[in-house]
Engineer: 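Below: one structure in structure tokens.
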Number of protein chains: 2
Amino acid sequence: MSAPPRRDLAAMIVPLGRALTAAELPVLREHGLTMWAYSVLLRLDERPLRSQAALADAIGADKTRIIDVLSDLGDRGLISRTPDPADRRVRLLALTPQGRRVRDAAQAAIQLREERLLARHLTPAQRTALLDALQVLDALPAEAVSDPEP
Amino acid sequence: MSAPPRRDLAAMIVPLGRALTAAELPVLREHGLTMWAYSVLLRLDERPLRSQAALADAIGADKTRIIDVLSDLGDRGLISRTPDPADRRVRLLALTPQGRRVRDAAQAAIQLREERLLARHLTPAQRTALLDALQVLDALPAEAVSDPEP
DNA sequence: TATTGTTATACTCTATAACTATA
DNA sequence: TATAGTTATAGAGTATAACAATA
């Protein structure tokens, strides 16, 4: 049983994710965002989201962890957090127009860097193939990746 | 400036890496390995490696963090740790035959799961294209990803 | 004095538990 | 009583600083 001809998927993907994250951080800082704040802005799309717990779950965070993030984003007018009239325990979360502008600007800067990286090291066909395959795997629920029954 | 048609690379890759890691953990546990121990066995190839600091750096760990991992692997006979006769401060690290057997068995099990996942959701051509592109990016030094000068 | 490995300490991030306010 | 959000506390993981041995 000799060494396989390729490295493990995780062994390639996890360090790549770390490097991409490291590349994002200074860009986000320029836009006044932390990684968690950016995750929140990305997830909060046009339509409001009901409850902070749902948001936390959606971005893989603990509900107690995003509270400071949400208050800060609210204080800066990037998101709105209004009590649901139907049930005043829950907060309806939504992007403000300014929040959408900040999110779009940050995302454009990040994807510009990403595209430069891909263009430098991959052929256009390889770039497309990579993104296609990643989008397929990205669309899977996490359990489909973690527990693939034979 | 509207929302881009694709998600950020990092936003797809980081959660995928987390899910793949979660998929590995039970397999590693069956083979009596932690993630750090597995990283060490993967990096310690046929030829011995000079110094623990070099190993730590190679697997993206802190040198103080792998000490317990190395003592444990040494106690179990999976690696050898002999002082360098030329400079008795440094330890020469190498896989033992048993260590290589454990590493190969664990890696085979992991890659079997990975291949099942890819086969279920990607076409053979997509699988090959994904692995090719990942191997290109994996071969880059981390700085090439983090600091792509324009 | 400088360096390898080690130990001890502090810090950051994350999760758990306890609390409040609504229902 | 049950749930959403919040606060306070504890735990895991990680990095920093101090130490012993060798050069």
Side-chain angles (χ1 to χ4, degrees), chain A residues 10 14-15 17-19 21-22 24-26 28-29 33-40 43-44 48-75 78-94 142 146, chain B residues 10 14-15 17-19 21-22 24-26 28-29 33-40 43-44 48-75 78-94 142 146:
Chain A
V14 171
R18 267 202 278 267
T21 300
E24 282 194 12
L25 285 178
L28 291 177
R29 192 156 41 228
L33 297 174
T34 65
M35 187 60 76
W36 282 121
Y38 183 55
S39 296
V40 167
R43 182 64 190 76
L44 242 49
L49 196 74
R50 198 185 145 77
S51 101
Q52 304 182 174
L55 171 63
D57 190 63
I59 63 175
D62 193 273
K63 68 169 178 170
T64 64
R65 210 161 61 202
I66 60 169
I67 289 180
D68 291 347
V69 177
L70 293 178
S71 344
D72 181 59
L73 288 174
D75 291 346
L78 303 183
I79 67 171
S80 64
R81 219 165 28 147
T82 57
D84 183 348
D87 181 345
R88 288 208 304 271
R89 293 174 303 180
V90 321
R91 310 296 180 86
L92 300 176
L93 305 169
S146 303
Chain B
V14 171
R18 269 202 275 266
T21 300
E24 283 194 11
L25 284 178
L28 290 177
R29 194 157 38 232
L33 297 174
T34 64
M35 188 59 76
W36 283 121
Y38 182 56
S39 297
V40 167
R43 182 62 190 77
L44 243 47
L49 196 74
R50 198 186 145 77
S51 100
Q52 301 181 178
L55 171 63
D57 189 62
I59 63 176
D62 192 274
K63 66 170 181 170
T64 63
R65 212 161 60 203
I66 60 170
I67 289 180
D68 290 348
V69 177
L70 294 179
S71 346
D72 182 59
L73 288 175
D75 291 348
L78 303 183
I79 66 171
S80 64
R81 216 168 26 148
T82 57
D84 183 348
D87 181 345
R88 288 209 303 272
R89 290 176 304 183
V90 320
R91 308 296 179 86
L92 298 176
L93 305 167
S146 304

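Per chain, numbering begins at 1; letters A, B, ... match sequence-line order.
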Engineer: Which whole-number value in Å describes the distance from A:Asp57 CG to D:dG5 P?
Structural biologist: 12 Å
Engineer: In whole Å, I'd like the distance from the CG atom of A:Leu55 to the C1' atom of D:dT6.
Structural biologist: 16 Å
Engineer: How would nucleotides 18-23 of chain D be written as a contact map, 5' to 3', with B for base contact, S for sugar-phosphate-only contact and - for no contact, using protein heavy atoms under 4.0 Å?
Structural biologist: ----BS
Engineer: Between B:Ala58 and B:Arg43, which heavy-atom pair has the shortest distance, and what is it?
Structural biologist: CB-NE, 3.4 Å
Engineer: B:Leu70 CG to C:dT6 C1': how many Å, rounded?
Structural biologist: 12 Å
Engineer: With the side chain counted from C-beta on, respond yes when A:Asp72 and A:Thr34 share a heavy-atom pair under 4.5 Å apart, and no when they do not.
Structural biologist: no
Engineer: Using whole Å, report how far CZ of B:Arg65 lies from P of D:dA15.
Structural biologist: 4 Å
Engineer: If every non-hydrogen atom of B:Val69 is compared with every non-hydrogen atom of B:Ala37, which pair is closest and at what distance?
Structural biologist: CG1-CA, 3.7 Å
Engineer: What's the closest nucleotide to the B:Gln52 side chain, out of D:dA4, C:dT6, D:dT7?
Structural biologist: C:dT6
Engineer: Please tell me if B:Arg81 has a side-chain N or O lying less than 4.0 Å from either OP1 or OP2 of C:dT4.
Structural biologist: no
Engineer: OP1 or OP2 of C:dT4 versus the side-chain N and O atoms of B:Arg91: is any pair under 4.0 Å?
Structural biologist: no
Engineer: Identify the heavy atoms of B:Ala86 and B:Asp84 that sit nearest to each other, and give their distance.
Structural biologist: N-OD1, 2.8 Å
Engineer: For B:Met35 and D:dG13, give me the distance from atom CE to atom P, rounded to whole Å.
Structural biologist: 12 Å
Engineer: Considering non-hydrogen atoms only, spot the tightest contact between B:Ala10 and A:Glu24 and give its length.
Structural biologist: CB-OE2, 3.1 Å
Engineer: Just how far, in rounded Å, is C1' of C:dG5 from CG of B:Leu49?
Structural biologist: 15 Å
Engineer: Rounded to whole angstrom units, what separation is found between the CG atom of B:Asp62 and the P atom of C:dT4?
Structural biologist: 14 Å
Engineer: How far apart are the closest heavy atoms of B:Leu70 and B:Arg81, and which atoms are they?
Structural biologist: CB-NH1, 3.9 Å
Engineer: If I take atom CD1 in residue A:Ile67 and atom P in nucleotide C:dC13, what distance separates them, rounded to the nearest angstrom?
Structural biologist: 17 Å
Engineer: Looking only at heavy atoms, what is the nearest atom pair of B:Ala61 and B:Trp36, with distance?
Structural biologist: CB-CZ3, 3.5 Å
Engineer: Which nucleotide in the list C:dT6, D:dT14, D:dT7 gets nearest to the side chain of B:Thr64?
Structural biologist: C:dT6
